[in-house]
Amino acid sequence: MESLASRILITHEEGAIIAYLYNRESFNLLKTERQEYDNSQFIEIGQTIEYDGIRYIVKSINFKMEEKLYKINPKIGFNMYAPTDPSDYNCQIGVFVEKAK
């Protein structure tokens, strides 16, 4: 049985791609609070996140299974943090945001 391997796509509601996050270190760039009881981090609707010095409000979130990436194929997709590595995700969490005022 295939394990889930996910990436996070942060997109402006009007369509501009803000970031792809593939690992813990890149997730930490969002500057989300860590929970006191277990040191976990959340992305939730209504939450303000920050990326590259810009604050965004999370408007919606979705989960997508990537049919074409069920089997790792270096010809489809790439990891922007390591472009020579094959894409290694089979699902995506979409986080749709608008700029915070």
Side-chain angles (χ1 to χ4, degrees):
M1 185 174 293
E2 180 182 18
S3 296
L4 296 178
S6 184
R7 73 177 182 180
I8 299 171
L9 165 62
I10 301 175
T11 303
H12 193 280
E13 281 191 317
E14 295 177 4
I17 294 173
I18 295 167
Y20 287 102
L21 308 177
Y22 291 90
N23 53 44
R24 166 70 66 189
E25 290 77 20
S26 60
F27 186 87
N28 286 336
L29 296 173
L30 300 179
K31 300 182 180 176
T32 61
E33 282 186 46
R34 290 192 178 268
Q35 302 300 308
E36 288 183 26
Y37 63 91
D38 66 356
N39 213 30
S40 63
Q41 293 167 282
F42 291 91
I43 297 177
E44 300 174 302
I45 295 171
Q47 177 183 18
T48 300
I49 60 174
E50 183 178 330
Y51 183 77
D52 200 24
I54 302 171
R55 293 169 47 92
Y56 299 95
I57 297 172
V58 177
K59 301 304 281 183
S60 65
I61 299 172
N62 70 20
F63 182 85
K64 175 182 178 183
M65 292 297 298
E66 294 280 1
E67 182 178 24
K68 65 185 175 185
L69 295 176
Y70 281 170
K71 293 184 180 174
I72 293 175
N73 180 347
K75 295 178 183 176
I76 301 174
F78 68 96
N79 178 338
M80 69 189 302
Y81 294 101
T84 58
D85 291 346
S87 177
D88 58 355
Y89 67 92
N90 56 14
C91 55
Q92 174 175 278
I93 299 166
V95 179
F96 299 89
V97 298
E98 69 178 15
K99 245 184 184 176
K101 294 178 171 93

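Note: hydrogens, waters and symmetry copies are ignored here, and every other heavy atom, side chains too, is used. Since the structure is predicted, the reported quantities are computational estimates derived from the model, not experimental observations. Positions are given from 1, in the same order as the sequence printed here.
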Exercise. For Ile57, what are the other residues in its hydrophobic cluster, where any two members join if their side-chain heavy atoms are less than 4.5 angstrom apart?
Worked result: none
Taking only distance into account, with no hydrogens and no angle test, what donor-acceptor pairs under 3.5 Å do side-chain atoms of residues 8-19 form with protein atoms, sequence neighbours excluded?
unit_1 : atom_1 : unit_2 : atom_2 : d
His12  : ND1    : Glu14  : N      : 3.1

Exercise. For atom CD of Glu36, is the number of surrounding heavy atoms from other residues, nucleotides or ligands below 6.0 Å larger than 12?
Worked result: no
Seminar exercise, completed: The side chain to side chain donor-acceptor pair (under 3.5 Å) partners of Ser40 (sequence neighbours excluded) come to Asp38
Seminar exercise, completed: Residues joined to Tyr37 in its hydrophobic cluster, side chain to side chain under 4.5 Å directly or through other members, sorted by chain and number, are Phe42
Seminar exercise, completed: Interatomic distance, OG1@Thr48 vs CD@Glu33, rounded to 0.5 Å, equals 10.5 Å
Exercise. What side-chain hydrogen bond (donor to acceptor under 3.5 Å, both in side chains) pairs are there with at least one residue in residues 91-101, not counting sequence neighbours?
Worked result: Arg7-Gln92
Problem set entry | Ala5 backbone acceptor or donor facing Asn90 side chain under 3.5 Å | yes
Problem set entry | Where at least one partner belongs to residues 39-49, residue pairs that pass salt bridge (Lys or Arg N to Asp or Glu O under 4.0 Å), sequence neighbours excluded | none
Exercise. Do Val97 and Leu30 belong to the same hydrophobic cluster, where Ile, Leu, Val, Met, Phe, Trp and Tyr are linked whenever their side-chain heavy atoms lie under 4.5 Å apart, directly or via other members?
Worked result: yes
Problem set entry | Common cluster, Ile54/Phe96, ILVMFWY with side-chain heavy-atom separation under 4.5 Å | no
Exercise. Taking only residues two or more places apart in sequence or in another chain, which ones pass side-chain contact (heavy atoms from CB on, under 4.5 Å) with Arg34?
Worked result: Arg24, Asn28, Asn39, Gln41
Exercise. If you measure from CD1 on Ile45 to CD1 on Ile61, what distance do you get to the nearest 0.5 Å?
Worked result: 5.0 Å
Exercise. What pair of heavy atoms forms the shortest contact from Leu21 to Phe27, and how long is it?
Worked result: CD1-CA, 4.1 Å
